[in-house]
A.B. asks: 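Okay, here's the structure, questions in a sec.
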Number of protein chains: 2
Amino acid sequence: MADPDVNEVFEKCLGCRYMVGILRHIQAGVNRPGQLERAVDGLTAKVLSERLRRLVEFRVVEKQSYAETPPRVEYHLTPFGARLLEIVEEVERLQKEATRA
Amino acid sequence: MADPDVNEVFEKCLGCRYMVGILRHIQAGVNRPGQLERAVDGLTAKVLSERLRRLVEFRVVEKQSYAETPPRVEYHLTPFGARLLEIVEEVERLQKEATRA
DNA sequence: CGGAATCCAAGAAGATACTG
DNA sequence: CAGTATCTTCTTGGATTCCG
């Protein structure tokens with residue numbers, strides 16, 4: 001990114017529909033588009049590819065293409081993406097605490 | 001919240017336009033709607049009140065009304081909200097690191 | 001299979017006017 | 001000053017189709 005603005009990570013990445021679900025599946029080893037599409041409820045191929053492009057743009061995931069037939073593509077978390085996921089977990093914990101209280 | 005879903009915090013709170021800006025101003029002591037509206041560039045009264053309602057709903061901020069004339073209202077971070085802001089800071093740090101790398 | 005293009009429906013946001 | 005209601009505009013997401 002040219003202008004690393006924290007607002008953008010939230011508005012254009014984490015805040016978009018399906019994003020947290022997609023990321024968690026990637027984290028769990030669901031790395032191919034077709035699998036992600038089936039794994040995340042309601043998610044369509046078009047929206048998924050938009051999300052993945054956005055995640056690559058923000059350096060949250062990295063794309064790997066293999067010159068095979070049929071073509072295979074995999075997405076993996078970057079170190080930044082991995083930290084981001086930890087933070088999502090942290091928010092989830094905070095939320096549960098706050099709810100219990 | 002009845003159903004504390006971490007997706008919702010991102011999609012309906014942090015991921016919305018102006019949200020991070022609004023929260024940071026509240027954190028910095030800009031607690032009244034009128035002041036927030038002037039402080040956050042491009043933000044209108046209508047959108048601001050939507051955001052504030054959402055933040056109250058998610059227990060990120062608390063609303064305090066004073067029976068004065070003219071009426072005065074203040075919004076303050078809850079403990080959960082304060083932790084959330086710390087996390088925003090953390091993401092910002094990570095982002096800068098990732099950019100430097 | 002992965003992904004881009006198109007078209008349409010749904011939701012978010014901007015502008016304005018109005019009430020307590 | 002704070003907040004709601006209405007209307008319009010723009011952006012996002014959903015369904016389908018086509019290409020490499």
Side-chain angles (χ1 to χ4, degrees), chain A residues 5 7-26 29-77, chain B residues 5 7-26 29-77:
Chain A
D5 181 359
N7 302 295
E8 299 230 314
V9 189
F10 289 103
E11 292 181 21
K12 299 193 174 172
C13 283
L14 297 173
C16 291
R17 199 167 179 186
Y18 306 115
M19 266 302 192
V20 173
I22 292 171
L23 284 170
R24 282 182 154 168
H25 277 95
I26 293 178
V30 183
N31 305 101
R32 300 182 57 179
Q35 316 227 299
L36 285 165
E37 187 183 345
R38 271 169 263 128
V40 179
D41 190 71
L43 178 62
T44 65
K46 178 211 163 197
V47 173
L48 171 61
S49 80
E50 287 173 355
R51 295 294 174 274
L52 291 171
R53 192 157 28 76
R54 188 64 65 74
L55 290 172
V56 170
E57 181 190 337
F58 279 81
R59 308 277 193 274
V60 176
V61 304
E62 270 175 348
K63 177 179 181 174
Q64 220 162 77
S65 302
Y66 300 88
E68 306 172 356
T69 46
R72 181 164 60 99
V73 174
E74 288 183 6
Y75 291 87
H76 294 272
L77 292 179
Chain B
D5 181 0
N7 303 295
E8 300 230 314
V9 189
F10 288 104
E11 292 181 20
K12 300 192 175 174
C13 282
L14 297 174
C16 290
R17 202 165 177 186
Y18 309 114
M19 267 302 193
V20 173
I22 291 170
L23 284 171
R24 283 183 153 169
H25 277 94
I26 292 178
V30 183
N31 305 101
R32 301 183 56 178
Q35 316 227 298
L36 285 165
E37 186 182 347
R38 272 170 263 127
V40 180
D41 190 69
L43 178 62
T44 67
K46 179 211 162 196
V47 173
L48 172 61
S49 81
E50 286 173 357
R51 295 294 173 274
L52 291 171
R53 191 156 29 76
R54 188 64 66 74
L55 289 172
V56 169
E57 178 190 339
F58 279 80
R59 306 278 195 275
V60 177
V61 304
E62 271 177 348
K63 176 178 180 175
Q64 219 162 82
S65 303
Y66 299 88
E68 306 172 355
T69 46
R72 181 164 60 101
V73 174
E74 289 184 4
Y75 291 87
H76 294 272
L77 293 178

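Everything numeric here is computed off the predicted structure, so don't read it as measured data. Here is how names work: the chains are called A, B, and so on, in the same order as the sequence lines, proteins then strands, and each is numbered from 1.
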A.B. asks: Tell me, please, which residues at least two apart from A:Lys63 pass salt bridge (Lys or Arg N to Asp or Glu O under 4.0 Å).
C.D. replies: none
A.B. asks: Test your reading of the model: is there a side-chain donor-acceptor pair from A:Tyr18 to the backbone of A:Gly42, 3.5 Å cut-off?
C.D. replies: yes
A.B. asks: Is A:Arg51 touching bases, backbone alone, or none of the nucleic acid, heavy atoms closer than 4.0 Å?
C.D. replies: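 Answer is sugar-phosphate: A:Arg51 comes under 4.0 Å of backbone atoms only.
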A.B. asks: Could you check which residues of residues 67-76 of chain A get a heavy atom under 4.0 Å from DNA chain C? Sort them by number, please.
C.D. replies: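 Hits under 4.0 Å, by residue number: A:Pro70, A:Pro71, A:Val73, A:Tyr75.
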A.B. asks: Residues in salt bridge (Lys or Arg N to Asp or Glu O under 4.0 Å) with B:Lys46, at least two apart?
C.D. replies: B:Glu50
A.B. asks: How close do A:Arg54 and A:Cys16 get, counting heavy atoms only, and between which atoms?
C.D. replies: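 Looking at all heavy atoms of both residues, the shortest contact is NH1-SG, 4.3 Å.
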A.B. asks: Which is the 5'-most and which the 3'-most nucleotide of DNA chain C that has an atom under 4.0 Å from a heavy atom of chain B?
C.D. replies: C:dA13 to C:dG20
A.B. asks: So B:Ile26 and B:Leu52, do their side chains get closer than 4.5 Å, heavy atoms only?
C.D. replies: yes
A.B. asks: By the side chain to side chain donor-acceptor pair (under 3.5 Å) test, which pairs, at least two apart or in different chains, include something from residues 33-45 of chain B?
C.D. replies: none
A.B. asks: Let me see the working for A:Val40 and A:Val30 under side-chain contact (heavy atoms from CB on, under 4.5 Å), right down to the final yes or no.
C.D. replies: CA-CA 10 Å; A:Val40 179; A:Val30 183; over 6 Å; no
A.B. asks: Closest approach of A:Gly21 and B:Asn7, non-hydrogen atoms and distance?
C.D. replies: N-OD1, 4.1 Å
A.B. asks: B:Arg51: what forms a side-chain hydrogen bond (donor to acceptor under 3.5 Å, both in side chains) with it, not counting sequence neighbours?
C.D. replies: none
A.B. asks: Show your working on side-chain contact (heavy atoms from CB on, under 4.5 Å) between B:Phe10 and A:Val20 and close with a plain yes or no.
C.D. replies: CA-CA 8 Å; B:Phe10 288 104; A:Val20 173; 4.1 Å; yes
A.B. asks: Under 4.0 Å, heavy atoms only, any strand: does B:Lys12 hit a base, just the sugar-phosphate, or nothing?
C.D. replies: nothing
A.B. asks: Looking at residues at least two apart in the chain, or sitting in another chain, which of them share a side chain to side chain contact (heavy atoms under 4.5 Å, CB included) with B:Thr69?
C.D. replies: none
A.B. asks: Using the test side-chain hydrogen bond (donor to acceptor under 3.5 Å, both in side chains), find all partners of A:Arg17 that sit at least two apart in sequence or belong to another chain.
C.D. replies: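 A:Arg17 satisfies side-chain hydrogen bond (donor to acceptor under 3.5 Å, both in side chains) with no residue once adjacent residues are dropped.
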A.B. asks: Partners of A:Arg72 by side-chain hydrogen bond (donor to acceptor under 3.5 Å, both in side chains), sequence neighbours excluded?
C.D. replies: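 For A:Arg72 the side-chain hydrogen bond (donor to acceptor under 3.5 Å, both in side chains) partners, ignoring immediate neighbours, are A:Glu68, A:Glu74.
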A.B. asks: Scan residues 30-47 of chain A against DNA chain D and write down, sorted by residue number, each residue with any heavy atom closer than 4.0 Å; if none is found, say none.
C.D. replies: A:Thr44, A:Lys46, A:Val47
A.B. asks: How is A:Tyr66 classified with respect to the nucleic acid when contacts are heavy atoms under 4.0 Å: base, sugar-phosphate, or nothing?
C.D. replies: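 If one applies the 4.0 Å heavy-atom cut-off, A:Tyr66 turns out to touch nothing in the nucleic acid.
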A.B. asks: To 10°, what angle do the rotation axes through the five end pairs on each side of the helix from C:dC1-D:dG20 to C:dG20-D:dC1 form?
C.D. replies: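 End-to-end axis angle: 40°.
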A.B. asks: Might you point out which heavy atoms bring B:Arg32 and B:Val73 nearest each other, and give the distance in Å?
C.D. replies: CG-O, 3.3 Å
A.B. asks: I'd like the 5' and 3' limits of the part of DNA chain D contacted by chain A, with heavy-atom contacts below 4.0 Å.
C.D. replies: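 Taking any atom under 4.0 Å from a heavy atom of chain A, the span is D:dG13 to D:dG20.
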A.B. asks: Mind checking whether B:Glu57 and B:Lys12 have side chains closer than 4.5 Å, heavy atoms only?
C.D. replies: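 They are not in side-chain contact.
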